[in-house]
Number of protein chains: 2
Amino acid sequence: MAYTYEYPHPAVTADICIFSIREGRLHVLLIERLADPFQGSWAIPGGFIKMDEDIVVGAARELEEETGVAGVPLEQLGAYGMPGRDPRERVITVAFVALVPSDQMVLTAATDASDARWFDMDELPVLAFDHDVILADARAKLADKVTNRVTETAKSAFQFLPKKFTLAQAQAVFETLRGEELDKRNFRKWIAANWDLVDLKEKTSGGRHRPAALYSVDFV
Amino acid sequence: MAYTYEYPHPAVTADICIFSIREGRLHVLLIERLADPFQGSWAIPGGFIKMDEDIVVGAARELEEETGVAGVPLEQLGAYGMPGRDPRERVITVAFVALVPSDQMVLTAATDASDARWFDMDELPVLAFDHDVILADARAKLADKVTNRVTETAKSAFQFLPKKFTLAQAQAVFETLRGEELDKRNFRKWIAANWDLVDLKEKTSGGRHRPAALYSVDFV
DNA sequence: AGTGATTGGTGTCGATAAGACACCACGCCG
DNA sequence: CGGCGTGGTGTCTTATCGACACCAATCACT
């Protein structure tokens with residue numbers, strides 16, 4: 001079956017920059033391209049938009065197909081459409097940013113037969129197409145989102161923490177997401193002011209150091 | 001001539017929200033649709049992306065074709081692609097925001113035979129497609145851009161002022177762009193801190209009131 | 001039991017930005 | 001010459017941010 005148009009149409013894809021934290025470091029999920037162009041290169045996962053689905057829905061579908069993760073808030077980054085970015089045909093991609101908990105992802109990436117791997121953001125391979133540019137923009141957007149407002153995206157940050165967590169653990173997560181070190185006292189002021197922390201009146205034990213108080217978060 | 005693809009492709013357009021100030025009020029340029037769908041409705045100008053041009057280049061081309069204005073910084077707003085937003089076929093549009101000087105526009109809109117009109121943002125007609133949503137997003141983005149940073153877009157604000165202007169004139173322009181009234185003293189502090197104003201040591205005359213000092217801006 | 005290592009936990013100060021707010025100055029017109 | 005209309009100025013409060021240093025509690029080891 002073929003589709004014919006009076007005028008040329010570009011292909012439109014949705015690419016999703018899927019960030020996670022693994023072993024305390026920011027990672028991004030990339031897939032290895034099995035076919036030309038850029039065969040063997042790594043690329044941001046994504047795929048073609050279907051004709052009957054909204055762009056963000058298509059992005060969510062691709063995300064679920066490729067990782068099994070659903071219900072994640074997706075933030076649109078923008079459209080990238082430089083001619084020649086795909087040597088086969090004109091492809092315009094709409095990029096999204098997602099932040100997903102690492103443990104869900106490990107599971108699915110393992111069962112998924114396709115060649116997908118987490119990459120440390122500081123050890124990226126050469127990327128296909130213009131995905132290096134997109135990923136850099138996505139990295140900046142992620143840091144900005146998590147830094148500033150109490151958005152859905154920022155709430156996802158707490159998925160990297162156990163239900164009961166210490167403030168030091170929380171600080172490590174936000175430092176990783178923001179890509180910079182934070183002052184301990186200033187961070188504690190910030191998190192107390194911006195999130196509804198519940199003091200569980202419990203303490204850690206077992207470390208060869210002073211026990212830490214445990215907290216949980218209440219979302220409004 | 002026809003173009004055939006193995007899989008269906010959406011059409012991709014660039015729509016440009018062209019803002020200007022006319023008689024002290026924020027206006028947007030809309031065109032009347034001559035053909036179905038939405039024949040007779042007003043719409044944001046835009047058009048199809050060519051296969052060999054970048055999206056922002058296509059947006060600039062459409063802007064110039066429809067208004068004669070070139071060299072204007074375009075800011076991408078995002079992609080809009082809800083299915084059914086165009087009843088004919090699947091159309092994904094990438095929206096841009098432009099701020100152009102009013103006098104250039106009057107000239108071109110007059111020579112342009114197509115039916116284009118400036119609309120006061122407070123007296124908008126019913127719009128075709130989902131252009132009401134896009135325009136609302138564009139309005140917010142415009143206000144944000146002009147408010148905060150010293151960007152190219154913000155520099156365009158000074159195009160609505162004569163080379164020699166009074167601070168009251170400048171305040172009126174920024175109030176219009178931001179959509180809110182500003183405190184006189186705070187505005188003067190802000191503009192002095194953020195822009196390189198040159199005191200021309202001249203004064204207005206002719207008003208039945210105290211003369212105003214004239215300034216010009218030096219861009220860095 | 002003592003000591004050192006390790007992480008937990010706390011408060012102040014200064015700079016900066018933003019917003020609220022009121023009065024006199026000056027030229028023109030009548 | 002008086003009043004109308006716009007021009008022009010400074011202080012205070014508040015909130016936010018970042019820089020910055022010390023003691024506390026537990027554990028491991030001796």
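A note on names: the letters A, B, ... follow the listed sequences, proteins ahead of strands, and every chain is numbered from 1. Everything quoted here is computed from the prediction, not taken from an experiment.
Protein chain B contacts DNA chain C over a range whose 5' and 3' limits, counting nucleotides with an atom under 4.0 angstrom from a non-hydrogen atom, are C:dG19 to C:dC29.
Remark: B:Tyr215 engages no residue in a ring pair (Phe, Tyr, Trp, His ring centres under 6.0 Å) (not counting sequence neighbours). Remark: A:Val57 engages A:Glu53, A:Asp54 in a side-chain contact (heavy atoms from CB on, under 4.5 Å) (not counting sequence neighbours). The side-chain contact (heavy atoms from CB on, under 4.5 Å) test applied to A:Ala59 returns A:Ala14, A:Ile16, A:Leu74, A:Phe96, not counting sequence neighbours. Residues passing the salt bridge (charged side-chain N to carboxylate O under 4.0 Å, His left out) test with A:Glu32: none are found, sequence neighbours excluded. Residues meeting the side-chain contact (heavy atoms from CB on, under 4.5 Å) test with A:Ser216, sequence neighbours left out: A:Val198, A:Leu200. Remark: B:Phe38 engages B:Phe129 in a ring pair (Phe, Tyr, Trp, His ring centres under 6.0 Å) (not counting sequence neighbours).
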Close N/O contacts between protein and nucleotides 15-19 of chain D (under 3.5 Å):
unit_1: D:dG18; atom_1: O6; unit_2: A:Lys189; atom_2: NZ; d: 3.4
unit_1: D:dA19; atom_1: N7; unit_2: A:Asn186; atom_2: ND2; d: 3.1
unit_1: D:dA19; atom_1: N6; unit_2: A:Asn186; atom_2: OD1; d: 3.3

Protein-nucleotides 1-6 of chain D N/O pairs under 3.5 Å:
unit_1: D:dG5; atom_1: N2; unit_2: B:Arg210; atom_2: N; d: 2.7

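Pairs engaging residues 188-206 of chain A under the side chain to side chain donor-acceptor pair (under 3.5 Å) rule: A:Lys164-A:Glu202, A:Asn186-A:Lys189 [sequence neighbours left out]. Every pair passing side chain to side chain donor-acceptor pair (under 3.5 Å) that includes a residue from residues 119-144 of chain A is listed here, sequence neighbours excluded: A:Asp15-A:His131, A:Arg25-A:Asp120, A:Arg25-A:Asp122, A:Tyr80-A:Asp137, A:Arg85-A:Asp130, A:Asp144-A:Asn148.
When the nearest nucleotides of DNA chain C are assigned to A:Tyr215 and B:Ser205 by heavy-atom distance, the more 5′-ward of the two goes with A:Tyr215.
At a threshold of 4.5 Å between non-hydrogen side-chain atoms, the residues B:Leu135 and B:Met121 count as touching.
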Would you list the atom pairs, donor with acceptor, under 3.5 Å between side chains in residues 165-176 of chain B and any protein atom, with sequence neighbours excluded?
unit_1: B:Thr166; atom_1: OG1; unit_2: B:Gln169; atom_2: N; d: 3.1
unit_1: B:Gln169; atom_1: OE1; unit_2: B:Thr166; atom_2: N; d: 2.8
unit_1: B:Gln171; atom_1: NE2; unit_2: B:Glu175; atom_2: OE2; d: 3.1
unit_1: B:Gln171; atom_1: NE2; unit_2: B:Leu182; atom_2: O; d: 2.9
unit_1: B:Glu175; atom_1: OE2; unit_2: B:Leu182; atom_2: N; d: 2.9
unit_1: B:Thr176; atom_1: OG1; unit_2: B:Gly24; atom_2: O; d: 3.1
unit_1: B:Thr176; atom_1: OG1; unit_2: B:Ala172; atom_2: O; d: 2.8

